[in-house]
**Student:** 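Below you will find the structure I want to go over with you.
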Amino acid sequence: MTAVPSTDPAPASQAEVTAEIEAIASSYVETPDATETQPRLDYSPYRSSLLRHPTKALQQADPEGVELWAPVFGERDLDPLEADLTIQRTGEPVGERMIVTGRVLDGDGRPVRHQLVEIWQANAAGRYVHQRDQHPAPLDPNFPGMGRCLTDADGVYRFTTIKPGPYPWRNHRNAWRPAHIHFSLFGTEFTQRMVTQMYFPGDPLFPLDPIYQSVVDPAARARLVATYDHEVTEPEWCTGYRWDIVLTGPHRTVVEEDTLS
Ligand SMILES: [Fe+2]
């Protein structure tokens, strides 16, 4: 098959970006008191973040004022079937069927109950249903790639979906994202929204990916990776992964800007 000509507008090679990632990683010094649990906003290997990261102090919004006009929802607004991304159309989506489940916890390990968890992801071929994603991988007519659920009384969320594929993005020449699922969580107020990404264990693209590597603390970075769990796997049906999310405290899950990638 003829290779598709590169349309990457970014001139840097993967080798150059990897060298930048490694230089930053080698200069990071872990200290017990000041670990960097969140991504660096001015992380140069992630090119577009340099132009759009905040450079001024954030404006504090009054949560009560925001909630006067922000949308609200309740349990009756969600259909439990929305947690199964494999049944949203008339046929079966292609790919590895999987369950992803875990608990949403606060910084003291307490369950965060009845909270909205939303996910969005590429299909098994690494393609999003989005006009900005036009790379030549097939769309799956049976996989819109979005789902949502509420955590239960123990803070547990659970989705049935298809394992996403890696996909190219134009950060640099031949740049590929590790397979991931985007998560959005709302706490008790809309101003507490958290957006993050879950990855899969053993992905060979980890050392090459500026978004994953922008979390320079290795322990915080590792918390973004789900665990394969054979107890979640169901016989003759699907594989299972477990991933817990911590909203606050020193083990808080990494939060990111809301992006397509
Ligand atoms: Fe993505």
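Hydrogens, waters and symmetry mates play no part in the numbers below; they use all other heavy atoms, side chains included. In listed order, ligands and their atoms are each counted from 1.
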**Student:** Heavy-atom count check: over 12 atoms from other residues, nucleotides or ligands less than 6.0 Å from Glu231 CD?
**Tutor:** no

**Student:** To 10 degrees, how wide is the angle NE2 (His180) to the Fe ion (ligand 1) to OH (Tyr128)?
**Tutor:** 110°

**Student:** ring-ring contact (aromatic ring centres under 6.0 Å, His included) with Trp169: which of Tyr46, Trp176, Tyr128?
**Tutor:** Tyr46

**Student:** Taking all atoms of both residues into account, what is the closest heavy-atom pair of Arg177 and Tyr199, and its distance?
**Tutor:** NH2-OH, 2.8 Å

**Student:** From the Fe ion (ligand 1) out to just under 2.8 Å, does an N/O/S atom of Gln197 turn up?
**Tutor:** no

**Student:** Does Gln121 bring an N, O or S atom to under 2.8 Å of the Fe ion (ligand 1)?
**Tutor:** no

**Student:** Is there side-chain contact between Leu185 and Val112, with heavy atoms separated by less than 4.5 Å?
**Tutor:** no

